[in-house]
2 protein chains.
Amino acid sequence: MGTESSYTVDSTETSLTILETLIESNDPVGVTAIAESVEVSKSVVHNHLSTLCNQGYVVHRDDQYEPALETLTLGSRTRARLPVYRNGRKQIDTLAAATDRAATLFVLEETNIVPVYIAEPTDGWSPEFFEGEPLPLYTNAPGKAIMASLPPEEVTALLDNISLTEITEATITDREELDLYIENIRDEEIVFSKGEHYNGIVGVAAAIAPSERNRAAAIAVHGRSDRLNGRHLSEDIAGQVLSIANSIRADLT
Amino acid sequence: MGTESSYTVDSTETSLTILETLIESNDPVGVTAIAESVEVSKSVVHNHLSTLCNQGYVVHRDDQYEPALETLTLGSRTRARLPVYRNGRKQIDTLAAATDRAATLFVLEETNIVPVYIAEPTDGWSPEFFEGEPLPLYTNAPGKAIMASLPPEEVTALLDNISLTEITEATITDREELDLYIENIRDEEIVFSKGEHYNGIVGVAAAIAPSERNRAAAIAVHGRSDRLNGRHLSEDIAGQVLSIANSIRADLT
DNA sequence: TAAACCTGTTCATTCGTGCAGAACAACGAC
DNA sequence: GTCGTTGTTCTGCACGAATGAACAGGTTTA
């Protein structure tokens, strides 16, 4: 893991940086603005944008540039490789509909979990994170559920490669405390979290343990703590999360 | 439109080609295989892969490379810019649930339509196309519905930039015939298609006309012709497509 | 056991190309 | 009209990306 190679291609990096800049700025943007933001000359930005346009990842209109919708292919085809997504997606939809809260499917990748599919409630709060945005393992319910579903030696291997930094006041930043916590939830089927990544947001998660051909995954329901609490959270919601998790597990044969 | 610039960055192109190669091969793949496929030397492939790994778009395990789930961020954040997606997504879900067929939201980009959100039926056939994969305007119902919703001069501007090639026997390849067809459906609210892009697949579509701040879009229901036909198609399904289209239009204020 | 053949990775060298910066063109504001 | 902008083009130079061979592992073959 993590053997950072020194031989890299600089121009690819700047191209990707430019593309990311386009995506982060939520409106069409011009060459000079990008040049200032990325700190390269205008002509360079122009060349990279032309390249990205030719490849179909950027569109050009009225001296302004925007990320192209074709960027969706990369991700949609990548996640379509995951059996847990292909089989589990509809179950996430029903989980969101049944609980009327945001339901998400997470998959372990490297030392992070990545939300692979987010089903939003018909109305109300939706998660701040995006599909594809890596999240740390230790600041949320699905991450902890996944860790508890892995063999202990794999967990230590993962945790040895990351540092525990505080996101909110509720984040566990002490390694021993975290190890102990994971041991304690090892026999549980459901993991709760309260505001360890986003203040005022609670979550219920259940892991889908890895197998021969499937990566470690987890499903979760998130919501604002004022609308998701008490027995409703710990019994109703948790029960539904658990039953959907079992159902997805069963479908993976 | 289409002023292809000659000043481009070659290494960016090869990086993206390598990434696309990884995505198309549905399994983890090694350096030499990519080198053969892209026709560059192994060391070059290695350097580009290292770069893509560092940027988070490729993951490296056991001498094998795979596209990273983080590729999802690009597309998910790009489509989140579209008001029609943010407001219409749930409606597409209900359309798919109500008809128990695949329902899709398309958006016009350059001279293509791009599926931005696909809701699959609880069981049964799902479209062959991926979210983000550009489709020609003239081979399917949503494309034609969009053209019929645009001012005629814009349609001719679009069609002047593409060539009509035959995909299946049902594809309209004659420009005059296509122009006439579009004129004929101009007053209709619903457009049908039968196997013009995929054999044996029929579709019903309704356009969401462009406005000041929203691009031209369309919604559609697709299915296999043996299970989607006759009065069921032309009345039941069409009616639901229409009512959802109206609802999305209304939500866009 | 050892040699032949796979991998993926590293390395020096050389050639090509991506880069900066200035000049250009096209538009808008004052 | 002129001075701001903008995006685009162009040229020379220097840096860096590509080459192709050598290296380090592992697995198969004799």
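This structure is a prediction, so every number in the text was calculated from the model and none was measured. First the proteins, then the strands, lettered A, B, ... as listed; each starts at 1.
The side-chain hydrogen bond (donor to acceptor under 3.5 Å, both in side chains) check on A:E70 picks up nothing, with sequence neighbours excluded. Every residue two or more places apart in sequence or in another chain that forms a side-chain contact (heavy atoms from CB on, under 4.5 Å) with B:V9 is listed here: A:S11, A:N47, A:H48, A:T51, B:S11, B:T12.
The side chain of B:H48 lies closest to D:dA18 when the candidates are C:dA20, D:dG7, D:dA18.
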Can you list, pair by pair, the side-chain donor-acceptor contacts under 3.5 Å of residues 17-24 of chain B, counting residues two or more places apart and other chains?
| from | atom 1 | to | atom 2 | distance (Å) |
| --- | --- | --- | --- | --- |
| B:T17 | OG1 | B:E13 | O | 2.7 |
| B:E20 | OE2 | A:Y57 | OH | 2.5 |
| B:T21 | OG1 | B:T17 | O | 2.7 |

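Side-chain nitrogen and oxygen atoms of A:H60 include at least one within less than 4.0 Å of the OP1 or OP2 phosphate oxygen of D:dT8. Listed pair B:Y7 / D:dT11 fails the phosphate criterion, with no side-chain N or O lying under 4.0 Å from OP1 or OP2. At the phosphate of C:dT9, OP1 or OP2 sits under 4.0 Å from a side-chain N or O atom of B:H46.
Annotation: of the two residues near DNA chain C, B:V9 and B:Q64, the 5′-most nearest-nucleotide partner is B:Q64. Toward the 5′ end of DNA chain D lies the nearest nucleotide of A:D63, the other residue of the pair B:V40 and A:D63 mapping further downstream.
Using a 4.0 Å cutoff on non-hydrogen atoms, the parts of residues 10-18 of chain A near DNA chain D are A:D10, A:S11, ordered by number.
Contact of A:K42 with C:dG21 (side chain to base): no donor-acceptor pair of N or O atoms is detected under 3.5 Å. For a distance-only test at 3.5 Å, the side chain of A:S43 qualifies as a donor-acceptor partner of the base of C:dA20.
Counting non-hydrogen atoms under 4.0 angstrom, A:S41 reaches a base of the nucleic acid.
Atom P of nucleotide D:dA17 and atom CG of B:L52 are separated by 13 Å, given to the nearest angstrom. As rounded to whole Å, 8 Å separates atom P of D:dG7 from atom OH of A:Y65. The nearest whole Å value for the distance from the CG atom in B:D62 to the P atom in C:dT9 is 11 Å. Taking atom CG of A:L49 as the reference point, atom P of D:dT8 lies 8 Å away to the nearest angstrom. Per the geometry, CD belonging to A:E36 stands 16 Å off C1' belonging to C:dA20, to the nearest Å. Counting to the nearest Å, the P atom of D:dA18 and the CD atom of B:E39 are 15 Å from each other.
Salt bridge status for B:E66 with A:R81: present, with a side-chain N to carboxylate O gap under 4.0 Å. No salt bridge links A:D251 with A:R86; every basic N to acidic carboxylate O contact stays at or beyond 4.0 Å. With salt bridges taken as basic N to acidic carboxylate O contacts below 4.0 Å, none links A:R77 and B:E133.
Ring centers of B:F106 and B:Y117: at least 6.0 Å apart, outside the cut-off.
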Protein heavy-atom contacts under 4.0 Å, written 5' to 3' over nucleotides 24-30 of chain C as B (base), S (sugar-phosphate only) or - (none), form the string -------
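Classification of the B:Y198-B:F129 ring pair by plane angle, with boundaries at 30° and 60°, yields tilted.
Remark: the backbone N or O of A:T165 is paired with a side-chain donor or acceptor of A:Y138 at under 3.5 angstrom. Not one N or O on the side chain of A:Q91 forms a donor-acceptor pair closer than 3.5 Å with the backbone of A:G88. No side-chain donor-acceptor contact under 3.5 Å links A:T171 to the backbone of A:T173.
Counted within 6.0 Å of CD on A:E39, heavy atoms from surrounding residues, nucleotides or ligands total 12 or fewer; the atom is thus considered open.
If one axis is set at each end of the helix from C:dG8-D:dC23 to C:dC30-D:dG1 from five pairs, those axes are 50° apart, to 10°.
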